[in-house]
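Position 1 is the first residue of the sequence; numbering continues from there.
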Amino acid sequence: MSPGSDDLLDVGHAAGLVVDARGTILRCTPAAENLLRRSARDLYGRRVRDLLAVPGSWRAVLEQRDGPVWDGRAELAPDGGGEVEFRVLPLADGRHAGSPPRFLVLGAPRFLVSQWRQGHAFMRELFLQDRIGLAVLDKELRLVRTNTHLLPYSGVPGELYGVRLADFLREADARVIDARLREVLTTGVPLVAVDVQVHTQVEPGAGRIMALSAFRLQEANGLVMGVTALFVDVTEQRLSRRRLDLLHRATTVLSTNLSAEETTRDLADVLVAALADVAVVEVAEAVFTYAEPVPEHHHQHVLRRTAVAGISPDVLGSGTDVAVDTGGALSGRLWSRATEATADLPDAVGARPHGMSAWLRARGAILGRIIVGRDANRPPFTAEDLALLEEIASRTALVVDNVRRYARERNAAVGLQRSLLPSATTDTPTVHAASVYLPTDTATGVSGDWFDVIPLSSARVALVVGDVVGHGLQATATMARMRTAVRTLADLDLEPDELLTHLDDLVSQFAIDSDGTEATRPPGTEIAFGSFGATCLYMTYDPVTRRCVVASAGHPPPALVAPDGSVAYLDVSPGPPLGVGGLPFEPIETEVEDGSVLALYTDGLIERSHADLDEGMAALRRALSVILAPGRPLEDAGAGVVRALVPGPLSDDVTLLLAAVRGVPADDSATWTFEADPSVVAEARAHVLSQLSRWDLDDLAFTTELVASELVTNAIRYAGGPVVLRLIRAERLICEVSDRSGTQPRMRRAQATEEGGRGLFLIAQLTERWGSRYTRTGKTIWTEQSLPPRL
């Protein structure tokens with residue numbers, strides 16, 4: 001470099017002077033002008049000694065020299081900048097023969113020199129420390145200077161000056177780091193703690209995670225010199241965080257639902273995504289059969305392969321049962337294909353070079369195991385990985401055991417609920433009914449939904465559906481009590497509104513019996529409906545008149561599907577829910593065509609998420625119109641309606657009762673009305689004999705004639721007229737006598753000296769069933785006889 005070039009004096013913040021042997025100033029830098037407080041014009045040609053407070057000190061500085069570089073200190077003139085420190089360097093061309101010697105004088109205020117020295121000491125200590133890897137790279141990303149802790153791994157050369165990262169790091173890692181550093185070099189934007197993978201070419205499998213920070217180096221004039229990079233080994237911190245994150249995600253999926261299959265499938269997916277290349281979860285067969293699991297001290301266990309991830313489930317036979325012999329070894333283990341036999345493991349997992357497994361143990365029993373494997377391109381599992389898997393297995397075991405216990409209890413509760421309900425299908429000569437009952441998917445397991453199809457007198461039938469407030473066994477028990485009460489009241493042949501009134505009293509009594517607070521309950525307050533209430537819809541169908549009578553206690557109205565497929569809701573005026581009291585129940589009466597279908601349901605079918613009651617009822621109407629096609633079995637249609645309306649998990653029980661009605665043909669019934677005159681009894685007997693003859697039921701003529709004569713005679717004697725006699729040929733022969741009296745007859749044993757009192761006793765002996773029911777105009781006494789078998 002030429003001594004006269006401008007680059008020679010480009011020395012940053014130091015004052016630079018070029019002087020001859022006598023100390024005459026030949027050139028100066030702007031910093032020298034600032035330091036000496038003179039312009040370059042005033043400085044050129046002057047001697048350095050004239051600028052000092054003690055002129056002789058310049059000669060003293062020169063006499064201290066020892067070699068090509070020497071230092072000194074001098075005080076500037078009063079109009080200068082105070083005390084300065086000098087560094088004098090002889091210029092190279094001053095040594096040539098015939099050329100006068102020249103020197104480069106660098107000077108700076110003493111305080112600035114002190115700062116430079118402190119900075120030099122800091123940089124020296126920074127490169128000596130061994131906690132952070134420090135590297136200075138030039139503009140071509142060649143290493144200029146490093147400390148001892150740059151990358152202390154196998155495969156890093158001992159001498160790194162002028163070496164590129166790609167010369168000793170894995171190509172992919174070096175490419176990523178170079179791209180990051182070049183971005184800093186180009187933009188000047190610092191890089192702060194960005195994680196990068198570092199694998200040496202000698203040990204590619206023993207990778208480390210480094211937090212890389214970098215900033216650009218440049219001169220004061222903006223000239224870019226290179227980049228400084230700091231490498232901090234954060235492998236253990238990052239692995240610990242990843243293990244903690246994996247444990248958190250595993251715990252999250254384990255707490256999602258109460259299904260062993262879904263839970264283990266989600267867990268296997270989490271393990272493959274973060275820990276392994278393939279994962280298998282096997283659960284004890286007892287979890288699915290509601291049996292007690294095998295104790296852990298037994299060696300033989302039957303497991304079901306419930307989850308496979310990282311490979312096709314068909315390869316490992318997902319869902320199949322496998323017999324496993326623990327051999328008494330119940331701790332988790334690491335294995336290598338080259339060092340340990342893996343005959344008891346699935347082939348697709350045991351064939352992997354690296355793997356580990358852990359047992360699911362809870363409350364002294366084996367509930368399954370977790371198996372994971374890695375391919376050869378990943379490092380082996382460590383003891384820390386095994387400890388993590390065992391922790392996950394421990395939490396999984398508790399979840400699986402809770403699933404087992406919940407499933408067992410829920411199965412028992414649902415079994416109890418179903419045992420308290422009638423058969424799913426009911427077939428009578430006048431009604432064919434099919435039902436669908438789905439328990440809730442919530443942890444409580446069951447609710448208080450119920451339905452019933454109750455045969456009544458005179459070939460009539462009652463359809464009932466109800467919903468008890470709450471969930472669990474308490475609601476189930478209340479449902480059972482209510483169903484029993486309804487059947488008892490139905491046996492009395494009460495009208496729907498009257499039956500609901502009696503049922504409302506019973507539900508209120510249930511609440512009083514449950515807490516015994518009747519005496520302390522303030523006047524005018526109702527029983528707590530939230531803990532002991534219910535809704536109910538009761539309907540009776542008369543196949544002779546083809547009329548339905550309906551009353552509702554806070555329950556949604558039934559739907560009527562006509563033979564042409566049109567759907568309409570019956571205009572029922574619902575009364576208050578049972579247990580509230582205070583208002584009457586209003587019945588409605590409607591005529592139903594033969595072939596129509598009545599749909600009774602609970603609110604779980606129409607109260608879907610994000611939909612109000614009207615939208616749910618509209619959806620039910622559409623589903624009934626589409627799915628209840630003529631000729632389609634009611635059993636299939638009911639299941640189709642439920643699937644259409646409730647596609648997802650159930651938050652409440654769902655009950656649907658479909659009843660196809662068919663009336664008694666007009667030729668199978670006959671009715672006569674008589675005045676209150678004893679002479680009509682003979683006429684009544686004649687009508688009965690004539691009708692039975694037309695029906696080819698002469699075998700029942702004597703008995704039926706006697707029954708009709710006795711009932712008509714009693715009605716005329718005790719109730720007055722008019723008296724209505726009706727014969728119905730349905731599944732049985734029914735004989736009815738109706739009058740306007742509200743007095744119910746009672747059968748008694750007549751004394752030997754009494755002339756009367758034996759009529760009802762004879763009727764009870766001659767018929768299979770008999771009874772009486774109140775009507776809106778009086779009462780009806782009825783009898784039933786079995787029809788003779790048809791040839």
Side-chain angles (χ1 to χ4, degrees), residues 414 417-418 420-426 432-442 444-453 463-471 475-476 479 482-483 486 533-539 548 550 552-562 565-572 574 577-578 596-629 632-660:
V414 171
Q417 173 88 345
R418 293 189 183 277
L420 296 173
L421 295 175
S423 173
T425 59
T426 302
H432 175 70
S435 63
V436 178
Y437 168 72
L438 297 179
T440 177
D441 291 327
T442 60
T444 51
V446 293
S447 183
D449 284 14
W450 57 285
F451 63 93
D452 211 343
V453 180
L463 304 175
V464 194
V465 66
D467 186 359
V468 175
V469 171
H471 293 81
T476 302
M479 176 274 293
M482 288 189 61
R483 179 169 178 247
V486 169
T535 64
C536 182
L537 183 123
Y538 186 84
M539 170 189 295
C548 284
V550 188
S552 170
H555 204 83
L560 176 62
V561 184
S566 61
V567 182
Y569 288 102
L570 299 186
D571 188 16
V572 179
L578 299 174
S596 299
V597 177
L598 292 163
L600 288 71
Y601 52 90
T602 56
D603 56 4
L605 186 65
I606 57 175
E607 289 184 353
R608 300 173 298 170
S609 58
H610 309 295
D612 60 21
L613 190 61
D614 291 338
E615 293 178 1
M617 294 179 66
L620 175 59
R621 179 190 290 114
R622 292 191 297 268
L624 291 172
S625 177
V626 173
I627 297 175
L628 274 177
R632 183 174 185 179
L634 286 185
E635 293 78 5
D636 295 343
V641 170
V642 172
R643 283 195 302 268
L645 296 181
V646 192
L650 302 180
S651 58
D652 193 8
D653 285 13
V654 169
T655 300
L656 174 64
L657 176 62
L658 300 178

Problem set entry | Beyond-backbone contact of T476 with L420, side-chain heavy atoms, under 4.5 angstrom | yes
Seminar exercise, completed: On a heavy-atom basis, the closest approach of A553 and L578 is CB-CD2, 3.7 Å
Problem set entry | Nearest heavy-atom neighbours spanning G565 and S625 | O-OG, 3.6 Å
Exercise. Atom OG1 of T425 and atom CG of L658: how far apart are they, to the nearest 0.5 Å?
Worked result: 12.5 Å
For this session: Decide yes or no for L560 and L598: does some side-chain heavy atom of the first lie under 4.5 Å from some side-chain heavy atom of the second?
Result: yes
Problem set entry | Any side-chain heavy-atom pair of V465 and D449 under 4.5 Å | no
Seminar exercise, completed: Rounding to 0.5 Å, atoms CG (L624) and OH (Y569) come to a distance of 6.5 Å
Problem set entry | Parallel, tilted or perpendicular: ring planes of Y601 versus H555, cut at 30 and 60 degrees | tilted
For this session: Specify the closest pair of heavy atoms between L628 and A637, including all atoms of both residues, with the distance to one decimal.
Result: CD2-CB, 3.5 Å
For this session: Would you please test L620 and V567 for side chain to side chain contact (heavy atoms under 4.5 Å, CB included) and show each step?
Result: CA-CA 10 Å; L620 175 59; V567 182; over 6 Å; no
Exercise. For the atom pair CG (L600) and OG (S435), what is the distance rounded to the nearest 0.5 Å?
Worked result: 11.5 Å
Exercise. Taking atom CG of L645 and atom CG of L656, what is their separation to the nearest 0.5 Å?
Worked result: 8.5 Å
For this session: Check for a donor-acceptor pair, side chain of T602 on one end and backbone N or O of T655 on the other, with a separation under 3.5 Å.
Result: yes
For this session: Could you pull out the closest heavy-atom pair between S552 and V572, with the gap in Å?
Result: CB-CG1, 3.6 Å
For this session: Verify side chain to side chain contact (heavy atoms under 4.5 Å, CB included) between V486 and D452, making sure each step is shown before the conclusion.
Result: CA-CA 9 Å; V486 169; D452 211 343; 6.0 Å; no
Exercise. With a 4.5 Å limit on heavy-atom distance, are the side chains of V654 and V436 in contact?
Worked result: no
Exercise. How far apart are the closest heavy atoms of V468 and A534, and which atoms are they?
Worked result: CA-CB, 3.9 Å
For this session: Please report the shortest heavy-atom distance between L634 and H432, naming the atom on each side.
Result: CD1-O, 3.3 Å
For this session: Quick one: pull up CG in L537 and CG in D467 and give me the separation to the nearest 0.5 Å.
Result: 12.0 Å
Problem set entry | V464 side chain near W450 side chain, heavy-atom distance below 4.5 Å | yes
For this session: Could you grab the distance from atom CG of L438 to atom CZ of R643, nearest 0.5 Å is fine?
Result: 10.5 Å
Exercise. Can you find a pair of side-chain heavy atoms, one from T535 and one from D603, that are under 4.5 Å apart?
Worked result: no
